Amino acid sequence: MMYKVNHGGWLVMFLASLLLAPLLYGIINKVKAFFAGRRGPRLLQVYYDIIKLSRKAGIFSRTTSGVLQLAPIVSLVAVLMAMLFIPAGLFRSPLAFAGDVIFFCYLLGLSRMLTILAAMDTGSSFAGMGSSREAHFSMLAEAVLFAIIIFLAIVARSICLSNLLSALSLVTPGISSPAILLVAGAFFVVILLENCRLPFDDPETHLELTMIHEAMILDYAGPELGMIHYTASLKLWSFCSLLALLILPERVGGTLTGVLVYLTLIMAFAAAIGVVESIMARYRFLKVPHLVIGSLAAVLTAVSLLIFF
Amino acid sequence: MELVLIILLPLLFAVLALSLYRHGEWPLRLLQFGAICHLVLVCRVTLPGRVLAVVSFRGVDLFGLDEVSKLLLTLTSLLFACVAVHSARWYPADQRLGIERGQGPGMRAGLFVACMLGLLSTMSAVLLARNLGVLWVAIEATTLASAPVIIFRQTPRSLEAMWKYMLICSVGIGLALFGTLLLASAYTGPHELSPGLNLDALMAVRHELDGAWFKAAFIFILAGYGTKMGLAPFHTWLPDAHSEAPAPEPAVLSGALLNCAFLGILRFVQLAPPELSGFCRTLLIALGLCSLVVAAFFMIRQRDYKRMLAFSSVEHMGLATIILGLGMHNLAYLHLCGHSLTKMMLFLCAGNISMAYDTRAVLGVKGMFGAIPRTATLWLIGLLLICGTPPSPLFITELFLVMQAPLWLGATVLFLLFVVFCGMTSICLDMVMGPSPTTPPDEEAGKAAESLCSIPALAVVTVLVMGLVIIFFIESSGLV
Amino acid sequence: MSTLPEIALILFLFTNIVLVSSSRLTHCIQLVAVQGVLLGVIPLVFWDWQSAAPYGELVFLSLTNIAIKGIALPLLLILAVRRAQVRRELEPVVGYAFSQLFAILIIAACFAGYRHLVDDDTANAALLAIPVAAATMLIGLFIIIARRKAITQVLGFLVFENGISVFANGLMVHHGAIVELGILLDVFALVFIMGIAVFKISQEFQHIDADRLNALGDRQDPENSAAPPAYTWE
Amino acid sequence: MAYLFACLGLLLVGGMTALLLSSRPSLAMKIGSCSAIIGTSALLLTLLLLLRKMGFAASPWEETLLFTRGIRFAYDLASLLFLLPTALLGLIAAIHSIGYLRDHDAKRSGFYWFSYNLTLVAMLMVPLLRSAPLFLIMWELMGVASFALVIFDWGSADSRRAGWIYLLASHAGAAFLILMFVTDNRPLSPGMCWLPVVLGIIGFGLKAGLPLLHVWLPSAHPAAPAPVSAIMSGAMIKLGLYGILRFVILPGGDAMLQCGWLLAILGLTGALLGIILALSQRNIKTLLAYSSIENIGIMTMAYGLGVLGVVYKMPGMAMLGFSGALLHMFNHAALKGALFLGAGSVYRATGTLNMEKLGGLMKRMPWTGGAFAANAMALSGLPPGNAFLGEFLIYAAAFNGVINGHGPLRTLSLLCIITLAIIGGLAIATYSKVISAVFLGEPRNDCARKAREVSWTMCGSTLALLLLNLLLLGLTPYIMPMFAPLLTRLIGGTSTAITVTDIALLLTMPSIFSLLLIGLSAAAIRWRQWLGVHREDAEGVTWDCGFAAPTARMEYTGTAFAQPLLDAFAGVLGLRRQIQRPETLFPDAISADLQSQDLALSGIWRPLFRRFSSLAIRTHRMQSGFLHAYILTMVLALVVMLVWGMFCHRLDQPTTAAPVVTEEISK
């Protein structure tokens with residue numbers, strides 16, 4: 001039932017994920033370009049951006065107090081710490097403890113709150129608009145996330161992230177597979193919402209009125225902007241890896257095959273996000289709560305399926 | 001003989017005050033001197049050791065002391081002493097302001113003092129009476145003594161108040177007389193042994209009293225003395241009389257006179273034969289509840305703060321009757337003491353406020369903290385005490401009332417007390433707080449009102465000390 | 001039924017009925033005076049002179065009774081009426097005919113109630129006093145309620161008091177001369193002060209209609225209910 | 001125990017002398033403040049000593065009774081725990097109010113210190129009294145003393161209404177408690193065993209601020225001076241929960257199932273309602289008051305889970321629930337106290353509490369702003385703050401219910417988890433709204449522009465509380481075992497699978513990681529500053545997408561920030577919009593405003609009171625002024641009594657009637 005305990009393997013995978021995280025954005029942009037019939041930016045474009053930005057000096061607005069400089073750093077540290085608990089590469093994370101899933105979710109909440117505060121500090125109306133929408137949608141996303149955790153907790157009878165994910169896979173006997181599909185689908189919706197992907201928020205738009213996440217980081221420049229992009233990619237990577245671990249059983253052949261399958265699955269999810277973005281247009285802001293509450297309903301049905309059958 | 005002296009001394013001073021009609025300040029000094037002499041006499045008489053023989057004349061034993069009358073007598077004379085000292089300083093200030101405001105100087109000092117001292121002597125007669133007939137005569141005399149003071153300033157409203165007071169009280173007390181006579185004829189034993197209204201004799205023979213006659217007598221007594229005490233269906237004179245009378249008079253009326261009427265009913269409850277005690281209980285509780293309901297409903301959005309205090313007296317008399325109905329005599333006496341002192345303080349404060357703001361309407365008085373801070377704090381503290389917040393003994397009596405009463409009665413009493421609390425606090429807070437006063441009291445009247453705060457402050461301190469002492473002895477005392 | 005006490009009681013009852021129906025004020029006052037005298041006579045009539053009990057006290061009391069209730073009070077009332085320049089005419093709230101009917105009803109009810117309560121049929125005169133007293137009291141109260149003038153209310157109160165004392169005298173319930181004297185003095189003082197009050201009211205109001213004396217009260221008459229409530233809750 | 005009374009005595013004496021010297025304000029201020037500070041600090045010391053003696057002792061539940069002249073004082077671990085926040089906040093608020101009072105209404109400091117000390121003494125006595133009459137007396141004395149503080153600035157009309165509603169609520173609460181004590185010591189039919197529980201919950205709920213009973217809280221706290229509302233929010237409403245713990249949960253009885261369910265559901269709705277209404281507020285202190293209601297809701301839910309854990313024989317859940325509630329109580333006391341003191345400093349610096357008029361205070365008041373922001377983030381339950389540890393335990397209790405529970409308990413715990421998640425999200429929105437509207441961005445009004453940092457006593461106290469929160473974050477795993485005797489007593493003392501040490505272990509990891517988080521981010525910030533020095537960062541104007549000069553009016557105000565969420569919960573809030581649409585091409589003034597109202601107050605209580613008073617006015621006609629009518633009513637009443645007395649009443653046998661109590665107990 002438990003993931004293999006291989007701290008060395010886990011450390012390697014953790015460092016690998018730090019390195020490979022920006023690659024996901026490259027894959028997404030490449031897939032979108034392929035659908036649009038153009039060649040699109042290079043796969044490693046995000047790496048070049050981050051390296052270039054980290055060499056520049058920062059420019060800060062006069063209206064801001066210290067919060068604008070402080071927020072990107074602390075949210076980066078928060079996301080990094082959150083990733084410590086993810087059982088990367090099907091290895092049990094050495095730092096796992098009972099209740100670390102709650103800690104994980106609230107760390108993401110911390111990074112979100114800091115970005116909101118920094119956005120409001122700039123005093124520009126676009127940043128205010130973005131942060132108020134972010135607060136509204138993330139509150140709904142949090143509810144769905146916790147519903148999913150309840151589902152996993154009932155199966156795994158524990159609230160440690162490593163045990164939760166290992167107890168379940170698409171083919172585990174005794175649990176009706178539609179329930180797992182529902183949970184996975186709802187989790188995919190949460191990924192799209194949390195990482196500001198298309199149906200909920202359009203990262204590449206130039207119209208500030210429609211942005212959420214981009215509007216919040218309008219005022220950053222230099223190393224801060226680089227850190228924010230890196231934090232965003234880390235968040236995307238950790239959510240995709242969670243989804244992958246959710247689907248994969250705790251043992252996939254040997255350790256090496258397990259790691260390879262895990263990484264390809266994450267890349268596949270990035271491609272899937274790219275496909276979804278090229279097919280769908282952005283939802284109107286009033287429609288977004290309906291979809292999220294729909295996914296909450298889906299998870300609750302999955303839970304009731306689990307409990308009563 | 002001292003008992004007779006207690007009654008005659010105030011009368012003597014009253015006559016003296018009448019004769020000094022013309023000489024301005026003398027009557028007021030007489031009033032103070034008489035009150036203090038009365039207090040000294042009473043203290044001498046009610047010393048724990050002394051046992052006094054019953055004064056009787058031609059078969060009718062007139063005056064005597066027992067536990068209840070000792071307590072109520074000390075309370076009444078203490079209260080009257082406070083009011084006397086207060087009105088000695090209140091009267092000249094009121095006269096000066098009355099002339100300034102064109103309302104006339106009010107009743108002459110001599111007559112005012114005579115009536116007050118007459119009231120004192122008649123009240124002590126009531127408390128000392130050992131014969132139901134003498135009790136009735138004394139209570140009737142209190143009405144006579146207190147009626148003229150109501151028309152202190154001959155305004156149309158005070159005349160009307162006095163007329164109603166006179167008529168309703170006299171009709172009520174007439175019913176009480178009929179009840180007393182019914183009781184006298186309820187004795188069916190041999191003629192020569194007939195108790196003839198003497199209390200001790202009646203107590204001895206109360207088992208042979210005829211049931212039907214006693215029930216009729218008790219009902220008439222309840223109606224009669226209930227009128228004088230302000231129980232619900234018979235309370236209609238109380239708000240008018242107390243709101244129109246000048247400041248010291250309702251303080252004495254509410255403080256002491258209602259207790260005397262309560263004593264009338266108490267005498268009859270003590271006489272009740274055992275099989276009728278259930279009957280008496282239900283009647284007492286019914287009337288008490290009725291007056292609580294009336295007080296609660298009339299307290300909401302009351303326009304005149306003196307009427308508010310009058311209805312609060314109705315409410316507390318109702319509570320005392322319920323406590324008596326539940327059989328807890330000691331608690332009822334404690335309730336009366338607490339209520340009298342606090343109500344006296346509140347009426348004196350109301351007098352000061354009406355002197356400062358020259359109006360009795362609640363809406364006319366605003367921002368008292370700014371204009372007359374000391375009276376305002378006393379007014380607020382007095383109100384909280386009268387509504388039964390802890391440091392006051394009234395909280396303890398209400399608490400034990402609810403603890404002893406059946407659940408439904410406890411719940412309704414608490415609800416009604418809450419309604420009263422809402423009404424009173426909303427009125428009081430309206431007066432005490434709020435922006436700068438709408439009709440700013442002229443500086444001079446405000447200062448006069450502030451200077452008269454000493455007696456109410458003393459009363460508040462005594463009530464608080466009484467409450468604290470009771471809290472300390474709550475466990476060991478027999479109350480629980 | 002022909003013994004002297006019954007006659008006195010019946011006469012007493014009769015004065016009540018006439019009082020209710022009379023329309024002139026002075027006539028009413030004279031009737032109350034007659035009632036006072038009768039009240040004084042009743043104990044003398046009820047006392048069986050044969051027994052050797054000391055009757056000095058009794059005679060003294062009935063004489064003072066007659067003096068106060070028969071003579072002093074009516075004179076005082078007539079003085080008050082003349083000083084208050086009140087019109088002789090009584091405007092009753094309840095019509096004369098109806099008040100007579102009501103008085104008879106009261107008397108009937110009292111006798112029926114008495115018969116129901118006390119079922120011994122010794123028809124001695126003493127027990128007759130109870131229904132007469134009850135009837136007089138109720139008629140007294142009726143006069144207070146049904147008449148407009150303040151003076152008639154004082155009269156009603158006097159009749160009410162007479163009813164009570166006829167009960168005491170009728171049942172020969174003696175509870176000490178001091179007490180009876182006290183009661184008499186109290187009633188006298190009360191009516192005396194009421195007379196002064198009526199005089200003061202007539203000076204102040206130029207009328208003595210009790211029902212127009214209704215300024216005091218709690219009713220929030222609708223037209224000024226627009227006045228803001230005691231606390232501005234909103 | 002003797003020290004306890006020495007401190008209380010000192011407080012009382014200090015208060016009295018301050019009142020007597022109120023004619024000389026400066027002297028009264030000195031005496032009052034130092035008596036309060038010395039009294040509370042000495043009290044804090046004695047409490048810590050007592051706790052150390054009683055808390056860690058392995059011995060089970062310990063209770064010492066002390067007889068003083070007919071009054072029975074009894075203290076045990078539960079009362080000591082609930083004394084701590086009062087003493088702590090009393091000390092810090094006293095320091096804060098020195099600065100708060102000095103420059104403004106200093107002339108009435110005598111009255112202030114008297115009622116301040118009296119409130120503290122009453123709050124400290126309540127947990128020590130156990131017998132019904134004395135407890136009730138101290139309970140209402142506490143209400144009255146704090147009422148005197150609520151109407152401290154008696155000038156404004158809304159402080160009058162706030163004072164009135166507050167007084168009514170405390171009086172009604174006492175009435176329900178009297179009924180509770182009455183039904184307690186009276187043999188009840190088995191069907192009615194839930195009555196004392198419900199009465200107790202209503203009575204104590206009125207003081208704690210459970211839903212529908214919270215109506216007085218949002219108006220009373222802003223009206224009171226800031227240090228007082230800090231004590232009221234931090235410690236006084238907790239005494240409501242103490243009452244529930246002491247008089248409803250500890251005695252047990254067979255109505256515990258209903259009690260558990262009632263507490264859980266009330267807590268749930270209270271928390272949700274509280275945070276939604278907090279989001280819609282415009283005044284800082286009202287927002288903080290509603291957030292107190294939310295936190296009280298969370299604690300009541302935790303108590304509910306604990307009780308259900310005991311009833312359904314799940315010691316794990318029970319232990320987690322109760323310890324979560326207690327821990328959350330401590331954290332909330334420290335955090336909410338700091339926030340209210342911060343709001344007080346803002347009020348003294350700018351003169352207004354309306355968030356729409358403030359902004360940009362972080363640059364002008366760095367210390368107060370920094371402390372307020374840190375405390376607010378901690379209170380929203382995010383990791384580096386200590387409130388996260390309390391919520392962590394409550395989550396664990398709920399998850400325990402989901403995993404091990406079955407049937408209705410499982411659905412309830414599921415509902416609890418989802419609600420807690422939503423509340424977490426809303427809390428983030430609320431507190432970011434407060435911080436951004438007050439401290440960040442451009443000052444929207446010249447009173448905010450001219451704000452200066454307040455005196456050291458005021459911002460020092462908020463910083464002290466921030467330090468305490470960090471301390472609590474680190475030391476919680478070591479303090480937890482102190483609750484051991486109380487928790488074992490609550491669980492029913494059975495040999496539990498999960499002991500307090502397990503909970504301490506459960507908490508070590510999150511607290512270590514939180515400290516690690518703080519350390520790492522501090523290091524990162526240091527590195528970024530070092531980096532910035534070498535590359536001389538430049539300054540510019542906020543990116544304005546091309547419009548000429550960005551002004552403060554273009555900023556997102558607090559209401560605008562909360563508008564999407566408020567629309568989502570419009571039903572609960574009873575929103576009223578005033579939108580002034582532009583009619584002409586070049587409109588002179590357009591505005592859009594969003595007003596929310598507390599539906600419990602305006603929807604239920606106010607119509608109820610209005611209808612009752614109109615009914616009362618109708619009965620006023622009875623006192624019509626007609627003498628004839630009065631006498632007629634008297635005669636009718638007499639006749640009714642006679643008919644009942646003579647005809648309907650049957651002579652009851654002497655045995656049934658209670659013996660006539662006529663013997664004279666000498667007074």
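Side-chain atoms are counted along with the backbone in the values below, which use heavy atoms only and exclude waters and symmetry mates. Letters A, B, ... are given to chains in the order of the sequence lines, protein chains preceding strands, and every chain is numbered from 1. The shown structure was predicted, so the numbers you read here are calculated from the model rather than taken from an experiment.
Only the side chain of Phe415(B) has a heavy atom closer than 4.5 Å to any heavy atom of chain D. Using a 4.5 Å cut-off between heavy atoms, Pro373(B) makes no contact with chain D at all. When heavy atoms are compared at a cutoff of 4.5 Å, Ala405(B) approaches chain D solely by way of its backbone atoms N, CA, C and O. Neither the backbone nor the side chain of Ala174(D) comes within less than 4.5 Å of any heavy atom in chain B. Residue contact with chain D, scored on non-hydrogen atoms closer than 4.5 Å, is absent for Cys280(B).
Residues Pro391(B) and Leu141(D) share a closest heavy-atom pair of CD-CD1, 3.5 Å. Between Gly645(D) and Phe279(B), the shortest heavy-atom contact is CA-CE1, 3.7 Å. The two residues His171(D) and Gly388(B) come nearest to each other via the heavy atoms CE1-O, 4.2 Å. Of all heavy-atom pairs between Ser159(D) and Met433(B), the closest is OG-CE, 3.5 Å.
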For Leu399(B) and Phe181(D), what are the C-alpha separation, side-chain angles and deciding distance, and is it a side-chain contact (heavy atoms from CB on, under 4.5 Å)?
-> CA-CA 10 Å; Leu399(B) 183 65; Phe181(D) 283 119; over 6 Å; no
Intermediate values then yes/no, side-chain contact (heavy atoms from CB on, under 4.5 Å), Ile219(B) and Trp644(D) = CA-CA 10 Å; Ile219(B) 288 172; Trp644(D) 178 80; 5.7 Å; no
Run the side-chain contact (heavy atoms from CB on, under 4.5 Å) check on Leu380(B) and Phe147(D) step by step: do they pass?
-> CA-CA 11 Å; Leu380(B) 190 59; Phe147(D) 163 73; 4.2 Å; yes
Go through the steps to decide whether Thr619(D) and Val294(B) satisfy the test side-chain contact (heavy atoms from CB on, under 4.5 Å), and finish with yes or no.
-> CA-CA 9 Å; Thr619(D) 60; Val294(B) 163; over 6 Å; no
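To the nearest 0.5 Å, atoms CG (Leu429(B)) and CD1 (Ile151(D)) are separated by 6.0 Å. For the atom pair CZ (Arg301(B)) and OG (Ser614(D)), the distance works out to 8.0 Å, reported to the nearest 0.5 Å. If you take CD on Glu398(B) and CD1 on Ile178(D), they are separated by 7.5 Å, rounding to the nearest 0.5 Å. With rounding to the nearest 0.5 angstrom, the NZ atom of Lys366(B) is 6.0 Å from the CZ atom of Arg160(D). One distance of note links CD1 of Ile617(D) with CZ of Phe298(B); it measures 11.5 Å at 0.5 Å rounding. Taking CG of Leu195(D) as the start and CG of Leu407(B) as the end, the distance is 6.5 Å to the nearest 0.5 Å.
Looking only at atom types and distance, the side chain of Ser426(B) has no donor-acceptor partner in the side chain of Trp164(D) under 3.5 Å away.
No other option in Asp240(B), Thr377(B), Leu417(B), Leu287(B) has as many heavy-atom pairs under 4.5 Å with chain D as Asp240(B). Chain D forms more heavy-atom pairs under 4.5 Å with one residue of Leu266(B), Leu384(B), Val171(B), Leu283(B) than with any other, namely Leu283(B). Interface check for chain D: of the options His235(B), Met403(B), Lys164(B), the most heavy-atom pairs under 4.5 Å are formed by Lys164(B). Ranked by heavy-atom pairs under 4.5 Å with chain D, the list Phe369(B), Phe421(B), Phe234(B) is led by Phe421(B).
For Phe214(B), the CZ atom is densely surrounded, since the number of other residues' heavy atoms within 6.0 Å is greater than 12.
Residues of residues 629-638 of chain D that come closer than 4.5 Å to chain B, counting heavy atoms only, are Tyr630(D), Ile631(D), Thr633(D), Met634(D), Ala637(D), Leu638(D), ordered by residue number.
A donor-acceptor distance shorter than 3.5 angstrom exists from the side chain of His620(D) to the backbone of Phe297(B), with no hydrogens or angles considered.
In this structure the side chain of Phe612(D) never reaches within 4.5 angstrom of the side chain of Cys422(B), judged on heavy atoms.
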